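Step one of this worksheet: look at the structure below.
A quick note: this is a predicted structure, and the numbers were derived from the prediction, not measured. Per chain, numbering begins at 1; letters A, B, ... match sequence-line order.
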Amino acid sequence: MAKEQYDHKKVEEDSRALWSQLDLYNTDLSNTEKDPYYLLVEFPYPSGDLHTGHWYAYAMPDIYARYLRMKGKNVLFPFGFDAFGLPAENAAIKRGLDPKEWTYANMDTMRTQVKNMGVSFDWDKEVITCDPEYYKWTQWLFSKLYEHKLAERREAAVKWCPKDQTVLANEQVLNGHCERCGTEVEEKFLTQWFLKITQYAKRLLTDLDPLPWREEIKEAQRAWIGESEGAKISFPLKNIALEDLEVFVEVFTTRPETIFGVTYIVLAPEHPLLPTLMPAVLNTEEVEAYKLATTKKTERERSENKEKTGVKLEGVFAYNPATLDVVPVYVADYVLASYGTGAVMAVPAHDERDFEFATRQNQLSAQTQQHHLIFDFDGVLGDTFEKVLLAQVAMGNVPDIETARNHVLNYASKKPHHARDHSLTPEELQYNYDWTDKFGEILHANGIELFTEFVDEIIKIPNAKIAVVTSGSVKYVGPAIENSKLNPSHVLTFEDHHSKEEKVERIARDWGVNLNEISYFTDTKADYYELETILDQKKIFGCAWGFLGADVLEEVMPRSQILENYSDIHTVVKSLESNKSAGTMLSIKQVVVPCSVDQINPPQDGLEDVKRDTVVVHLRDKSTGKFALLNWHGTLEGITTAIMGGIEEGQTPEEAALAEIHEEAGLEGVQIIHTAPWVTAAKYCASHKGQNRTAHAYGFIAEVENLSNQKETTEYEQKTHTLTWVDESEVLSSLTPAHQKQIWEILHSENALTTDGYLINSGEFDGRDSQEAMSDILDSTGAERVTQYRIRDWLISRQRYWGCPIPVVYDPEGNPHLVPAEHLPWTLPTDVDFSPTGKSPLATSKELHERVERIFGKGWTPEYDTLDVFVDSSWYYARYLDSKNQTDFSNQAVMKQWLPVDRYTGGAEHTTVHLLYSRFFYKALYDMALVPTPEPFIERFNRGIILGPDGQKMSKSKGNVVNPDALVQEFGADAVRMYLAFIGPYNEPGSYPWNLGGVESMRKFLDRIYRLSNKVTDSSTTDEFTLALGKAAAKIGGDIEKFKFNTAIAALMILVRDLESFTEIPRTTYRELLLLLAPFAPHLSESLWHVSGGTEQSIHSTVWPHQDMSFTEELATIIIQINSKKKGEITIEREATEETVLGLAREIEAVNNVLGSDSSARVIYVPGRILNIVTSVSSTSNCTTPLI
RNA sequence: GCCGCGGUGAUGAAAUUGGUAAACAUAGGGGACUCAAAAUCCCCUGUCGGUAACGGCUUGUGGGUUCAAGUCCCACCCGCGGCACCA
């Protein structure tokens, strides 16, 4: 009589002894009779302790390995150690241990622990990367890569971990921190070894597509490789005199079609061209300071600082090959030196980052350079003069206005002379002013009003320092100044003989500002000419205030525009500068118009396409905050839009907007408060005109003070639409046409416009689709189409000790040479100082130096760096196939049979590091005909993470670590394995909190199977048992193949529960149950196998029960539904006809009622599944109990 | 921000790929055996109404397609993961 519980310690010991005696898992790789299957787990770093994660990593694939063997496969399931790495070295530094001894001792411990899990690894194939037998071949493969120009030594900016005192590969830097220790990485410029993974970027990408991996793994790799299609465009550079510098900046862009919108060029601070350009740069100090500041910043600081910084290269310009414009050149660290060409063409209108930079740059220049305003009226105002002249006529001093004007012109003819010749004495000048004296009193009377009005506006300009310059005619302006809001500090008084130069210099001195920070408003042509030689032309604002030279000054800025805008100096500057691309302010020029197609009236084929300019105005009622919308009637019934209409000939968009508000809403006195930054378009068919239209829309937000003086609109307007007011939050959802929604969104966006559309402001390409025109634009600019990758070459040098020595030596001239194959393995010296100094520990080895000189000659020196450990692990799966081979890295014949790996399981953290490196390495070997296939792994499963019972990641500091050893002691290895298998699906990226009761419940389940042996008899099996076993075997087998161990165990539980309901179980049935249990609980199943049968053979070398197909035809449960609600069920042969089922279903009262009362009832029958009766008659009657 | 994956009871999770939602467990409740406890066995356990038979509702939210939707389509919300100034 069996006991209640099994003795897991004895069971496990006995089983292990048997397996070792039978040498069960030593795979014969040369066996060609059985189908080979290569199951690979990521080999561990020998840290010395085995935790829950290791159990999960090895015991789960073991279920599959055991299952596959039972299915008759020749399974290779090898194990080894990724034994080079920092912890060994740190143990050496901290505790004075020998890294080698420490590592080998840890491996001994881990081997025992792994064996206690009952994992069926083939230890015979074991690989240890720090073993010279292994790293000899790592070195040999490195040599091959070097010979094929895939390994290269070069100087580059590299990531440096100050804590680990070594460089890191890009893949080992997470968010600017060292992946291993979390220390913030620094940037250094060093000569290091690289593997040219970038050459394989394209193939790593395309070969990914057919792999049956989970999408998130493939996506992660794709993102890491980061392919983008674009073009390289060359911009010639010019100096301040716009002479060619014979230097070209090449930029990379993915949107070459926006080249007409380029307003500046940006170079990365590390751009190699920069030193060449410096002689042409005027502000060298500023540029050097910026470069220094950025190189001091860490990568993290650079990207954390959201504000984009940069400096302009004064005196250097780039020539846009498309627009033939000259644009400024900046140095800014938002451009990365290591990507593309390290330079970009900035299109602020259509690129988010350029937009940010340009906006910020414009804000800065507005702040720093527009603060000092000078208004110089020379004492006379043009409009005043007109009034004065009229007054003179009226008073009879002159007969007519013509005569009056001639007096004035006579005066004026002397003015330019006096302005240029400052040798005139005040006495001499006095003569010229006699004429003006005559007008003095009248000026006094009439001039004040206009001046005061002007000053009132000027004074509102925020943060502006204002000076009003008066001159000899101060006696006329003086009273005006007194009458205005100006105070004495606003006024500087000069004599007429003072030149403009003197004036400006004094202003600068008195205010303590730079000349280039002064903006000058003047009113005369003469002043303008003279100022030109002193001030930057762009800072002079002629406003045609004076009565002369209006023609010239109006060209600079029309007076009407000044009047319109002078309350906002930023607007003045912006609109002025947008006309001059080389100005201080960066223009933001839209070249792509997003275009939507009207859904209700789409354009029709064969009609003429007419362009039309329209306005779309969102009118806001200031008192309620509601917005006006139009509900259209007639043919446009159901459409809701904002106020809208066409722009008539000669109208500005603003004028049109105000006119439409008047027409459609009957409102006046409306203010435009916001203008959409971008023009959008819609295509539709104007069927009444028989034409297709492309409507450009200028969006506006306008505001109305009050609705009290709203007037009736015309009858026509009233008929076509109704005006409604809605809350701001409802506007977007109320608008019906997509284009209207788009305008609303653009009115509220402060971003660049990154969508596609058609081109404007693009010369000959205007009107063409931006995507379609791209290739023609490329051709016209002589651009080169290129594909760029984000991935960088793999930096493999490490300034550490415990790694594979790079098999390179340097001749006395410093040139690298491979260590010849006969000297491999190029062994790691032992006489070294481990302490991390930033220099490689190998440099301290006397033995290494002597070895090099002995072999290669005097003056030759060794390479001191060791290889990144990821090189070691990039090919270990090939070594498993012939791990003891002395003459080759593996075995070609065996590789041909066994590679690629059929299924590779591991952690998600290796997706972009180990997995990508391995694929690259393997492809490189494939190209050298060293491995048989281009991809190393057919399937890749990333396992989930086991969390602590608190749902947090297990860590010693949190005290939530589950120790598997203690659980194994108490419940046995099989229970721990099964609990892990049951916790959830393995091949999903989830995470599972450890449930403390879980292992115990699994143990109880195992005990139930153990106790079931009490019921075993030698009676022969019945169909019932055969059917149940067959079903379970198929289900469990299928689930194991999919790594859905949780549902496999559920099926096993159901089987056990069913068997428990019998008082007697046939021996064959019980033994088949044990077979199904074997992959999950290898020890217990082995033990029970022998107890119940007495065979000498291991259960793990027997065959998985197959489902007897003659028992698969079974009854099906058919669900009877009325209107898709379950009313009962019928168990019947799977193939039963509709009539049969319906006949039986009639016995359900509800069904019968329906079929009796509703002759139109429809019946849907899916054989083996469902019978659904669809009726409009409600089946209120209660249904009877289900039938058989 | 972009990309990917996901969202189902108190919890881990199932669901023949469009066909009985919640299998199998854990936790909880009740019972049997026992002087008692452990062990073992049995029953209940999505939610609302009802003593019950039974009925209504329910797979993040809102729509849609369909005889039928956790599963398909559209919009949105939330969580996790990857990339992130990559032009």
*Nearest-nucleotide pick for A/Arg1162, side chain only, options being B/C83, B/A25, B/C67*: B/C67
*Relative to the 5' end of RNA chain B, which residue comes earlier, A/Arg214 or A/Ile1170, by the nucleotide with the nearest heavy atom?*
A/Arg214
_A/Ala1028 backbone acceptor or donor facing A/Asp1058 side chain under 3.5 Å_ = no
*Measure from the side-chain heavy atoms of A/Ser1124 and tell me the nearest of B/A25, B/C41, B/C67.*
B/C67
*Sort out the partner of B/G81 for me: Watson-Crick or G-U wobble, both distances under 3.5 Å, none otherwise.*
B/C3
_So that I know where these two stand, are A/Trp213 and A/Phe941 an aromatic pair - ring centroids less than 6.0 Å apart?_
no
*May I ask you to say what A/Ser338 touches in the nucleic acid, namely base, sugar-phosphate or nothing, with a heavy-atom cut-off under 4.0 Å?*
nothing
_Among B/C67, B/A25, B/G19, which nucleotide has an atom closest to any side-chain atom of A/Val1174?_
B/C67
*How is A/Ile1119 classified with respect to the nucleic acid when contacts are heavy atoms under 4.0 Å: base, sugar-phosphate, or nothing?*
base
*Between B/G82 atom C1' and A/Arg790 atom CZ, what is the distance in whole Å?*
10 Å
_Residue matched to B/A87 through Watson-Crick or wobble contacts both under 3.5 angstrom_ = none
*Give one of base, sugar-phosphate or nothing for A/Lys232, where a contact means two heavy atoms less than 4.0 Å apart.*
nothing
_Pairing nucleotide - B/C57, Watson-Crick or G-U, each distance under 3.5 Å_ = B/G46
*When the distance from CZ of A/Phe971 to C1' of B/A39 is rounded to whole Å, what number comes out?*
14 Å
*asked:* Applying the Watson-Crick and G-U wobble criteria at under 3.5 Å, what pairs with B/U40? Answer none if nothing qualifies.
replied: B/A32
*Both distances under 3.5 Å, Watson-Crick or G-U wobble: report the partner of B/A25, or none.*
B/U11
_On RNA chain B, does the nearest nucleotide to A/Arg1169 precede the nearest nucleotide to A/Thr254 from the 5' side, or the other way round? Give the residue._
A/Arg1169
*Return the value, rounded to whole Å, for the distance between atom CD of A/Gln5 and atom C1' of B/A38.*
11 Å
_Pair A/Phe248 + A/Phe235: ring centers closer than 6.0 Å_ = no
*Given B/G82, B/A23, B/C57, which nucleotide is nearest the side-chain atoms of A/Ile1054?*
B/A23
*Mind checking A/Lys218 for me? I need base, sugar-phosphate or nothing, with any heavy atom below 4.0 Å counting as a touch.*
nothing
*Please report, rounded to the nearest Å, how far the C1' atom of B/A23 is from the CG atom of A/Leu1055.*
15 Å
_So A/Phe252, base contact, sugar-phosphate only, or nothing? Heavy-atom distance under 4.0 Å._
base
*What does A/Ile1164 touch in the nucleic acid at a heavy-atom separation under 4.0 angstrom: a base, only the sugar-phosphate, or nothing?*
base
*Pick base, sugar-phosphate or nothing for A/Lys1044, based on heavy-atom distances below 4.0 Å to the nucleic acid.*
sugar-phosphate
*Keeping the roles fixed (side chain from A/Asn1046, backbone from A/Ala981), state whether a donor-acceptor pair exists under 3.5 Å.*
no
*asked:* If I take atom CG in residue A/Leu947 and atom C1' in nucleotide B/U11, what distance separates them, rounded to the nearest angstrom?
replied: 14 Å
*NA contact type, A/Arg222, heavy-atom cut-off 4.0 Å: base, sugar-phosphate, or nothing?*
nothing
*Return yes if a side-chain donor-acceptor contact under 3.5 Å exists between A/Ser338 and A/Arg792, otherwise no.*
yes
*Could you classify B/U8 for me, syn or anti, using a glycosidic angle within 90° of 0 as syn?*
anti
*Is B/G9 syn or is it anti, if syn means the base angle is within 90 degrees of 0?*
syn
*Which listed nucleotide (B/G4, B/C24, B/A87) is nearest to the side chain of A/Glu219?*
B/G4
*Rounded off to whole Å, could you give me the OH-to-C1' distance for the A/Tyr339 and B/A84 pair?*
13 Å
*asked:* Rounded to whole Å, how long is the line connecting atom CD of A/Gln1121 with atom P of B/C67?
replied: 14 Å
*Among the candidates B/G12, B/C83, B/A14, find the nucleotide nearest to the side-chain atoms of A/Trp224.*
B/C83
_Measure CD/A/Gln788 against P/B/C85 and give the value in whole Å, please._
16 Å
_Once you apply a heavy-atom cut-off of 4.0 Å, does A/Arg1008 come out as touching a base, just sugar-phosphate, or nothing?_
sugar-phosphate
*Verify the contact: side-chain N or O of A/Ser228 to OP1 or OP2 of B/A87, cut-off strictly under 4.0 Å; return yes or no.*
yes
*Please confirm whether A/Phe971 and A/Tyr979 have ring centers closer than 6.0 angstrom.*
no
*Straight-line distance of A/Met1053 CE to A/Met1002 CE, nearest 0.5 Å*: 3.5 Å
_Within the 4.0 Å heavy-atom criterion, would you say A/Asn1046 contacts the bases, only the backbone, or no part of the nucleic acid?_
sugar-phosphate
